Protein chains: 2
Amino acid sequence: MARRSDHTRDELKILVLDKAWQLIDSKGFEGLTARAIASEIGYAPGTIYNLFDSMDDLYLQINARTLDILYDTLSAPVCNNPGKPSQDNMKAMALAYMDFARDYHPYWLMLFNFRLPEDRKVQAWYQEKIDRLFEPLETLLQPMFPEAHERKMKMAARVLWSSVHGLCFLQETGKVSIVSQNDASSDIASNFLIETFLAGLHAND
Amino acid sequence: MARRSDHTRDELKILVLDKAWQLIDSKGFEGLTARAIASEIGYAPGTIYNLFDSMDDLYLQINARTLDILYDTLSAPVCNNPGKPSQDNMKAMALAYMDFARDYHPYWLMLFNFRLPEDRKVQAWYQEKIDRLFEPLETLLQPMFPEAHERKMKMAARVLWSSVHGLCFLQETGKVSIVSQNDASSDIASNFLIETFLAGLHAND
DNA sequence: CCCATAAAATGAACATCGTTCAATATTTTT
DNA sequence: AAAAATATTGAACGATGTTCATTTTATGGG
């Protein structure tokens with residue numbers, strides 16, 4: 001039996017989440033089970049439930065990690081180069097998101113498979129992590145809107161972001177081949193979307 | 001024991017799918033189990049597996065029905081009124097999609113939760129049902145492109161369609177509140193997307 | 001140092017799931 | 001009527017998430 005002084009409660013939580021992350025990496029989401037985690041860290045299955053309300057709760061914590069990495073990805077200098085036009089930065093940001101969806105595929109999928117437990121609202125700290133994702137794009141859109149139109153700018157950010165996500169999602173889950181089987185097709189489509197959207201924004205000024 | 005002359009194999013398949021559809025409606029996707037279906041139609045669980053390869057196979061058949069209804073929805077006259085400007089039709093089509101996602105919520109979700117069994121490619125007949133979904137939007141976009149640019153038009157259709165889907169998805173799964181908690185916010189966002197995208201198309205002519 | 005109390009870890013047990021397949025029941029063919 | 005073919009069955013298997021009475025470990029006071 002694991003001795004309870006081996007780790008503090010918080011250390012143990014981190015240990016579980018680290019191992020969960022590894023399991024997803026090696027065996028995919030299907031391989032992520034309470035028993036597998038427990039066995040790997042040398043604890044009994046019941047211990048998981050001393051630390052997390054449920055497996056859904058654990059999935060939520062994994063998603064939190066994923067959202068943090070995604071935020072860092074979208075905040076990276078390659079997508080936020082002040083020396084480059086906003087359009088270039090946006091294209092880079094869209095491609096960064098698509099690369100992220102491929103590189104972190106199982107984690108990225110979990111973000112959308114997650115089901116809220118019953119009618120419970122998503123917790124505030126989690127919603128905060130989601131809302132934060134729009135900030136880098138908002139920063140890029142800012143100069144294109146008068147200061148008085150901040151609300152409209154924020155909507156534009158969410159609409160464009162959602163659009164890129166939709167493109168990425170249908171592409172990545174293999175539901176739709178946008179232009180052809182070409183590997184570059186998602187890049188082309190993404191660039192086309194941003195060019196068109198920005199042109200539309202300027203035209204409607 | 002059910003007598004095997006009660007139904008032909010095809011009738012039985014339809015019976016199973018009808019009951020599966022009902023179960024999703026009444027108990028949600030979680031209530032859709034082989035045992036529940038079997039019990040409801042007066043057969044044993046094993047019978048399901050005489051008709052379908054697996055539950056995933058059954059989900060695929062349910063998805064096929066959903067895709068058919070969605071196709072009919074997007075083909076409806078309200079979104080394809082020749083007497084109205086294309087932009088109005090597109091806005092109506094986007095709203096029709098969003099209404100569909102709400103009205104058929106569990107079925108609509110299943111379209112994206114479905115996981116391909118192993119590395120098997122999606123079957124051609126299923127891919128056909130997906131590709132067909134773009135046709136109504138392609139018809140609306142057609143007049144905006146020279147005939148020689150058909151490929152570009154098709155890409156535009158898929159990009160705009162994906163964008164609307166992304167908007168709808170993030171809205172419907174409660175991940176993102178686009179403008180506010182307002183009920184009309186998704187309509188506003190969707191209209192904004194289409195106006196901007198079309199303006200961008202014309203500007204880049 | 002010992003013992004009472006608190007806390008953590010356990011793992012068997014429960015309900016449920018998808019799935020299999022030998023056995024049984026039914027129909028068709030000979 | 002017997003035999004072959006086919007459909008249906010349902011117990012059984014190996015999983016899963018989850019619970020919780022029991023056991024183990026740590027702590028603190030006398």
Side-chain angles (χ1 to χ4, degrees), chain A residues 1-21 23-24 26-63 106 109-110 113-118 120, chain B residues 1-17 19-20 23-24 26-63 106 109-110 113-118 120:
Chain A
M1 181 186 285
R3 333 199 84 230
R4 76 165 141 155
S5 54
D6 284 350
H7 308 94
T8 70
R9 189 182 163 84
D10 285 347
E11 282 174 353
L12 207 44
K13 269 190 153 183
I14 292 172
L15 195 64
V16 166
L17 288 175
D18 284 349
K19 193 53 76 176
W21 191 274
L23 275 170
I24 296 167
S26 57
K27 319 238 181 197
F29 176 70
E30 325 300 333
L32 180 64
T33 69
R35 285 175 178 79
I37 299 169
S39 145
E40 288 267 347
I41 63 172
Y43 280 77
T47 297
I48 308 290
Y49 289 84
N50 295 340
L51 303 165
F52 300 90
D53 292 342
S54 64
M55 285 303 280
D56 274 348
D57 183 23
L58 191 145
Y59 301 155
L60 190 71
Q61 306 298 328
I62 292 287
N63 284 351
L109 266 184
M110 279 178 68
N113 283 344
F114 179 72
R115 303 252 56 74
L116 296 178
E118 285 303 319
R120 291 195 38 148
Chain B
M1 180 187 285
R3 330 199 84 226
R4 75 165 143 158
S5 54
D6 283 350
H7 306 95
T8 68
R9 189 181 163 85
D10 284 348
E11 282 173 351
L12 207 44
K13 270 190 152 183
I14 292 173
L15 195 64
V16 166
L17 288 175
K19 192 54 75 177
L23 275 170
I24 296 168
S26 57
K27 318 236 180 198
F29 176 71
E30 325 303 334
L32 179 64
T33 69
R35 285 174 178 82
I37 299 169
S39 145
E40 288 266 345
I41 63 173
Y43 280 77
T47 297
I48 308 290
Y49 289 84
N50 295 340
L51 303 165
F52 300 91
D53 292 344
S54 65
M55 286 301 282
D56 274 347
D57 183 23
L58 192 144
Y59 302 155
L60 189 72
Q61 306 297 327
I62 292 288
N63 284 350
L109 267 184
M110 278 179 67
N113 282 344
F114 180 73
R115 304 252 57 75
L116 296 178
E118 286 301 319
R120 290 195 38 149

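Below, chain A is the first sequence line, B the second, and so on; all start at residue 1. Source: prediction; values computed, not measured.
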**Q** Carefully, step by step, assess A/V16 and A/F52 under the rule side-chain contact (heavy atoms from CB on, under 4.5 Å).
**A** CA-CA 10 Å; A/V16 166; A/F52 300 90; 3.6 Å; yes
**Q** Using a 4.0 Å cut-off on heavy atoms, which residues in residues 39-51 of chain B reach DNA chain D? List them by number, or say none.
**A**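 Result for residues 39-51 of chain B: B/G42, B/Y43, B/A44, B/G46, B/T47, B/N50, sorted by number.
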**Q** Which heavy atom of A/M110 sits nearest a heavy atom of A/I24, and at what distance?
**A**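 Between these two residues, the closest heavy atoms are SD-CD1, 3.7 Å.
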**Q** When you measure from the side-chain N and O atoms of A/R3 to the phosphate of D/dA26, is any distance below 4.0 Å, counting only OP1 and OP2?
**A**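 For A/R3, the contact criterion (side-chain N or O under 4.0 Å from OP1 or OP2 of D/dA26) is met.
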**Q** Given side-chain contact (heavy atoms from CB on, under 4.5 Å), test A/I41 with A/T47 step by step and report yes or no.
**A** CA-CA 11 Å; A/I41 63 172; A/T47 297; 5.8 Å; no
**Q** Set out, in order, the CA-CA distance, both residues' side-chain angles and the distance that settles side-chain contact (heavy atoms from CB on, under 4.5 Å) for B/I62 and B/L58, then state yes or no.
**A** CA-CA 6 Å; B/I62 292 288; B/L58 192 144; 4.1 Å; yes
**Q** Rounded to whole angstrom units, what separation is found between the CD atom of B/E30 and the C1' atom of C/dA15?
**A**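 After rounding, the gap between these two atoms is 16 Å.
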**Q** In whole angstroms, how far is the P atom of D/dA7 from the CZ atom of B/F52?
**A**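 Rounding to the nearest Å, CZ of B/F52 and P of D/dA7 are 15 Å apart.
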**Q** Tell me, which of residues 10-17 of chain B have any heavy atom that sits under 4.0 Å from an atom in DNA chain D?
**A**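 DNA chain D contact set from residues 10-17 of chain B: B/L12.
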**Q** Expressed as a whole number of angstroms, how long is the span from A/L32:CG to D/dT18:C1'?
**A**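 In whole Å, D/dT18 C1' and A/L32 CG are 15 Å from each other.
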**Q** Identify the two heavy atoms, one from B/A34 and one from B/I48, that lie closest to each other, and give their separation to 0.1 Å.
**A**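 So the two residues come closest at O-CG1, 3.9 Å.
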**Q** Provide, to the nearest angstrom, the distance between the CE atom belonging to B/M55 and the P atom belonging to C/dT19.
**A**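 Result: 7 Å.
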**Q** Would B/Y59 and B/D56 count as a side-chain contact (heavy atoms from CB on, under 4.5 Å) if you check the C-alpha gap in whole Å, the side-chain angles of each, and the deciding distance to 0.1 Å?
**A** CA-CA 5 Å; B/Y59 302 155; B/D56 274 347; 3.4 Å; yes
**Q** Grab the two heavy atoms, one from A/E11 and one from A/H7, that are nearest each other, plus how far apart they are.
**A**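 Looking at all heavy atoms of both residues, the closest pair is OE1-CA, 3.1 Å.
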**Q** Which is more 5' along DNA chain C, the nucleotide nearest B/A34 or the one nearest B/S5? Just name the residue.
**A**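 The residue whose closest nucleotide sits nearer the 5' end is B/A34.
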**Q** Rounding to an integer number of Å, can you tell me how far A/M1 CE sits from C/dA7 P?
**A**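 Whole-Å distance recorded here is 17 Å.
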**Q** Tell me the closest heavy-atom pair linking B/A36 and B/G31, and the distance in Å.
**A**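 So the two residues come closest at CB-O, 3.8 Å.
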**Q** Measure CD1/A/I37 against P/D/dT18 and give the value in whole Å, please.
**A**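 Distance check: A/I37 CD1 to D/dT18 P gives 11 Å.
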**Q** Does B/R4 have a side-chain nitrogen or oxygen under 4.0 Å from the phosphate oxygens OP1 or OP2 of C/dA25?
**A**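 Result: no.
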**Q** Using every non-hydrogen atom in the two residues, find where B/I37 and B/M55 come nearest and quote the distance to one decimal.
**A**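 It is CD1-CE, 4.4 Å.
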**Q** Atom CZ of B/R35 to atom C1' of D/dT16: distance rounded to whole Å?
**A**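 From B/R35 CZ to D/dT16 C1': 12 Å.
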**Q** Which whole-number value in Å describes the distance from A/L23 CG to D/dT16 C1'?
**A**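 So the two atoms are 15 Å apart, to the nearest Å.
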